[in-house]
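For reference, positions follow the sequence shown, starting with 1.
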Amino acid sequence: MPETITVEYIQEKEFDTLSTSNGVFVCDFTATWCGPCKMIAPMMEQLAQEHEGKIKVAKVDLGENSNLAKRLNIKSIPTVMIYKDGNLIETIVGIVPYEKFNTVVSGVL
């Protein structure tokens, strides 16, 4: 059985570095109190697992990074933003099927 990849929490500074770097970066904006966010978490881990070595997946707790929410104009969570080579490719808000995330990521790889 392959080792499960855990998607790590990052802070605003790390987000700024990752979102402007080369490659594909998927960021899950979440909060500990958010029920729907908990439903997205396993999908992010599956995404990281399936595309291991090709993409970077991380989570930002907006409870701790409210400035970032304001800066990125995030109005509701869960919000997942997908970047490629420093450009925002897609923003997905709310709960969507895993295939939606996988299709967008596969399309930019």
*From K56 NZ over to E8 CD, what is the distance, rounded to the nearest 0.5 angstrom?*
7.0 Å
*asked:* Restricting to non-hydrogen atoms, name the atom on L109 and the atom on H51 that form the minimum distance, rounded to 0.1 Å.
replied: CD1-ND1, 3.4 Å
*Please name the pair of heavy atoms, one in P78 and one in P36, separated by the smallest distance, quoted to 0.1 Å.*
CD-CB, 3.8 Å
*Begin with the C-alpha distance, continue with both residues' side-chain angles, and end with the deciding distance and a verdict on side chain to side chain contact (heavy atoms under 4.5 Å, CB included) for D16 and R71.*
CA-CA 11 Å; D16 289 341; R71 225 178 76 200; 2.6 Å; yes
_Verify same cluster id: M81, F25 (apolar side-chain graph, 4.5 Å)_ = yes
_Tell me the closest heavy-atom pair linking K59 and A41, and the distance in Å._
NZ-CB, 4.4 Å
*Report the distance from atom CD of E50 to atom CD of E45, rounding to the nearest 0.5 Å.*
13.0 Å
_N/O donor-acceptor pair under 3.5 Å between D85 side chain and N22 backbone_ = no
_Approximate separation, where rounding is to 0.5 Å, of T17 OG1 and Q11 CD_ = 12.5 Å
*What closest approach, in Å, do V96 and I40 show between heavy atoms, and which atom pair accounts for it?*
N-CD1, 4.4 Å
*asked:* Is it the case that the side chain of K54 and the backbone of A48 share a donor-acceptor pair, with hydrogens and angles ignored and the cut-off at 3.5 Å?
replied: no
_Evaluation steps, side chain to side chain contact (heavy atoms under 4.5 Å, CB included), between V26 and V7_ = CA-CA 10 Å; V26 178; V7 175; over 6 Å; no
*Value rounded to 0.5 Å, distance of CG in L72 from OG in S19*: 7.5 Å
*Identify the two heavy atoms, one from V93 and one from S76, that lie closest to each other, and give their separation to 0.1 Å.*
CG1-OG, 3.2 Å
*Relative to each other, are the rings of Y83 and F15 parallel, tilted or perpendicular (30° and 60° limits)?*
perpendicular
*Distance-minimising heavy-atom pair for I55 and L47*: CD1-O, 3.9 Å
*Answer with yes or no whether the hydrophobic clustering places Y9 together with I82; edges join I, L, V, M, F, W, Y residues whose side-chain heavy atoms lie under 4.5 Å apart.*
no
